[in-house]
Amino acid sequence: MQTTILNNLNEAQLQAVSSEPENQLVLAGAGSGKTRVLVHRIAFLIQAHGYSPHQILAVTFTNKAAKEMRERLSGLMGDYDGPFSARSMWVGTFHGIAHRLLKAHWQEAGLPQNFQILDTDDQLRLIKRVYQALNLDDSRWPVKQAQWFIGGQKDEGLRPQHIVEGRDPFLATMKSVYQAYEEACERGGLVDFAELLLRSHELWLKNPDLLRHYQQRFRYLLVDEFQDTNAVQYAWLRVLAGNVSHITAVGDDDQSIYGWRGAKIENIQQFEHDFSPVAVTRLEQNYRSSANILSAANAVIQHNAERLGKSLWTDDGDGELIDLYTAFNEQDEARYIVERIKAFTEEHKLNNRDCAILYRSNAQSRALEEAFIREGLPYRIYGGQRFYERLEIKNALAYLRLLVNRFDDAAFERVINTPTRGIGAKTIETVRLFAREQGCSMFEALQGAISHQVFSARATNALKSFVELIDTLKDSIDGLALEEVAERVIRQSGLLDYHQKEKGEKGQARVENLQELVNACRVFDPQDEGLSPLQEFVDNAALDAGDAQADEFDDAVQMMTLHSAKGLEFPLVFLAGMEEGLFPHKMSLDEHGRLEEERRLCYVGITRAMKKLVICFAESRRMHGNENFNSLSRFVREIPQDLLQEVRIKSTITRPASYGSSRHGAARYSGSPLGSQSNVEDYPGLCLGQQVRHKVFGEGTIVQFEGQGGSARVQVNFDSEGSKWLVLQYAKLQAL
DNA sequence: GTTAAGGCATTTTTT
DNA sequence: ATGCCTTAAC
């Protein structure tokens, strides 16, 4: 058994896996077998050092990572049941584990047993209501900012009483919002994401016996993506470890890309200090990318000053050069990518799913999508709206939540008039006021208001029917299977009808999603005996993005942001939109730390590629409705030129200087983006954007050059015939 | 209670 | 350009 665990590990991996139990920091470069080390380390602890899976806690950031770790563990150790079953090991996300703790110790945590998790959207709505209660001007203090503030404070482990506002009106306002928001959560039994962590941290601090129990139980902690931990997460780990348990922290400072949401790279150094002595291992051998790709990645990241220092290397050959394509505009960029993917998959006998297009911001996907649709090449966009965040799903879930806990004001407000049942803003406001006055939930306030005849007959009727609806549903679901509950709720609440009546594809998609929700209920596998499946399902929905759905098996080209590409790998990778202002994003330019984070993001992007990396850059790009002329990203200029190969023909690019009037924009510079010498001979008298005449196709515009000498070709967009590639030698184009 | 019209911002994302 | 949200009019 032990042999399999230690087999096929390189020296550094072996050291990390097989060392004595101790505090260790594994600096794992991209593609260096990080998860492998983590999983083998766990297996080794169990089989060589006699740890029970019961004593091990492994924490990740995403459900996906947790799932992968669980799968690989059972692959390595076997999926047998019994006292040493891998199933008794806690493997989960920080939030998932914190939630589990709070569920188990709700009383000590000061929560109702059926507390609900508030997602970002619920949170925003709740804060909006807090604003109304406090009579705050949301133009002066944007609600989003308050949400950001509250989350930020919680991530730092701070409660309202910790905030010293002094004479700062902003702090004073935010503090009062935070305070009122906390009260609202308290009333409704609501817990937001940051609260899960903070609350479970406080749970331990306030209950030493409980803490001792968990400290004695979890003798070994393992943390993935350690560079992404924020202050509370770090404190949480530190408290849990105490001075009895050991920690293995695995991370890569060069891949820290979430500083903007509270992640602290410094936790790595802090860890070495707080958990001293710490054995540090560097995993620098890369098993993913060709040497050229790695050299490029190393060259870029070396421009960052604040690094722990690490340099990837590989046994693999140089591989192909990195292509650099200078596109005319974003359409041309998209067109080029489609073309390259078609050629590449054919040439290398690869699938579409082996190709990925990575970009800095979501808005870039549009032009790409259009080109893919036009060319009939299947694609899949990652990210975007998650299943459980869709309007119709949230509505249905709100009904389900009300059935679990009718004090849940967030759910109440969402569906009190959805579908519309004649309960207007005025009526709801009155209920809200009532609830506030009496310090009770809105549902209770509503019942009180009805019996006191506060509303007009019409409103009273509508309100009564709502209460009745919830009551009837509640009564009728006893003993029903989860999917029957969902089915019934969707139907009887009128949600299904409501969305069916919606016009266009939108309504149809929503109905389908609702059916998908019923489906999700059917396949849902409750884990906790103590909870009702409904309650568990509802909790789960909040913690689970619900992605990784069906399309996974389709053979589609993958499109995603650089952020969501972290942890993935693809044979062919395109980095699209490598332009100053877009990447690095202009929002990050003024701050040194932000710029370094952008550079790490670039490093992440480059290191996703296994065989071939293609970098694209558009000379002109439409953003927010107007044309932008950006220069090549500094990150590309940081790549040694001998690793790059420019795809575009080297011709002097001069375009008619017709700013604004021509949709082709104007020339900004001459020559190649890297500044090497140009070669105009291949395209005498022609330039991009130029009008030309062809004796068969008529008039058109030159949009692209390719090749040289006898094989020099141009792409022309003909007014009547569309776009065509023509070999210059034969086409006899006439410049206009 | 529904729809039309204007205002406004528009990096990145998990839980 | 686009979408999202608030506000004003039907």
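This structure is a prediction, so every number in the text was calculated from the model and none was measured. All chains are named by letter (A, B, ...) in the order of the sequence lines, taking the proteins before the strands, and each is independently numbered beginning at 1.
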Nearest-angstrom distance from the residue atom CZ of A:Arg621 to P of C:dA1: 17 Å
Pairwise distance OH(A:Tyr388) to CG(A:Asn540) - rounded to 0.5 angstrom: 7.0 Å
Interatomic distance, A:Gln132 CD vs C:dT6 P [rounded to whole Å]: 10 Å
Phosphate-side-chain proximity, A:Asn63 and B:dT15, N/O vs OP1/OP2 below 4.0 Å: yes
A:Glu330 CD to C:dT2 C1', straight-line distance once rounded to whole Å: 14 Å
Aromatic ring of A:Trp260 stacked on base six-ring of B:dT12, 5.5 Å, 30°: yes
Base of B:dT12 paired with side chain of A:Ser564 (donor-acceptor, under 3.5 Å): no
Separation of C:dC5 P from A:Arg125 CZ (nearest whole Å): 9 Å
For atom CG of A:Leu391 and atom C1' of C:dC5, their distance in whole Å: 14 Å
d(CD, A:Gln331; C1', C:dA1) in whole Å: 12 Å
Under-4.0 Å salt bridge between A:Arg159 and A:Glu195: yes
Listed nucleotide nearest any side-chain atom of A:Thr561, set B:dT15, B:dG1, B:dT13: B:dT13
Heavy atoms of other groups near A:Arg307 CZ, more than 12 under 6.0 Å: yes
Spacing of the P atoms in B:dT13 and C:dC4 (rounded, Å): 16 Å
Sugar-phosphate, base or nothing in reach of A:Lys128, heavy atoms under 4.0 Å: sugar-phosphate
Contact check, side chains of A:Glu598 and A:Phe583, non-hydrogen atoms, under 4.5 Å: yes
Contact nearer the 5' end of DNA chain B, comparing A:Ile423 with A:Gly96: A:Ile423
Protein-to-nucleotide contact annotation, 5' to 3' order, nucleotides 4-11 of chain B [B base; S sugar-phosphate only; - none; under 4.0 Å, heavy atom]: ------BB
Side chain of A:Arg622 (C-beta onward), nearest among C:dA1, C:dG3, B:dT13: C:dA1
Presence of salt bridge, A:Asp192 and A:Arg199, under 4.0 angstrom: no
For atom CE of A:Met623 and atom C1' of C:dG3, their distance in whole Å: 16 Å
Sugar-phosphate only, base, or nothing, as touched by A:Asp119 at under 4.0 Å among non-hydrogen atoms: nothing
Within the 6.0 Å centroid threshold, strictly below: A:Trp236 and A:Phe94: yes
Sugar-phosphate only, base, or nothing, as touched by A:Phe583 at under 4.0 Å among non-hydrogen atoms: nothing
Touch class at under 4.0 angstrom, heavy-atom based, for A:Asn417 against every strand present: sugar-phosphate
Sugar-phosphate, base or nothing in reach of A:Gly424, heavy atoms under 4.0 Å: sugar-phosphate
Spacing of A:Tyr131 atom OH relative to C:dT6 atom C1', expressed in whole Å: 16 Å
Note: A:Asp252-A:Lys34 ion pair, threshold 4.0 Å (strictly below): no
Among A:Lys394, A:Arg129, A:Arg125, salt bridge (charged side-chain N to carboxylate O under 4.0 Å, His left out) partner for A:Glu413: A:Arg129
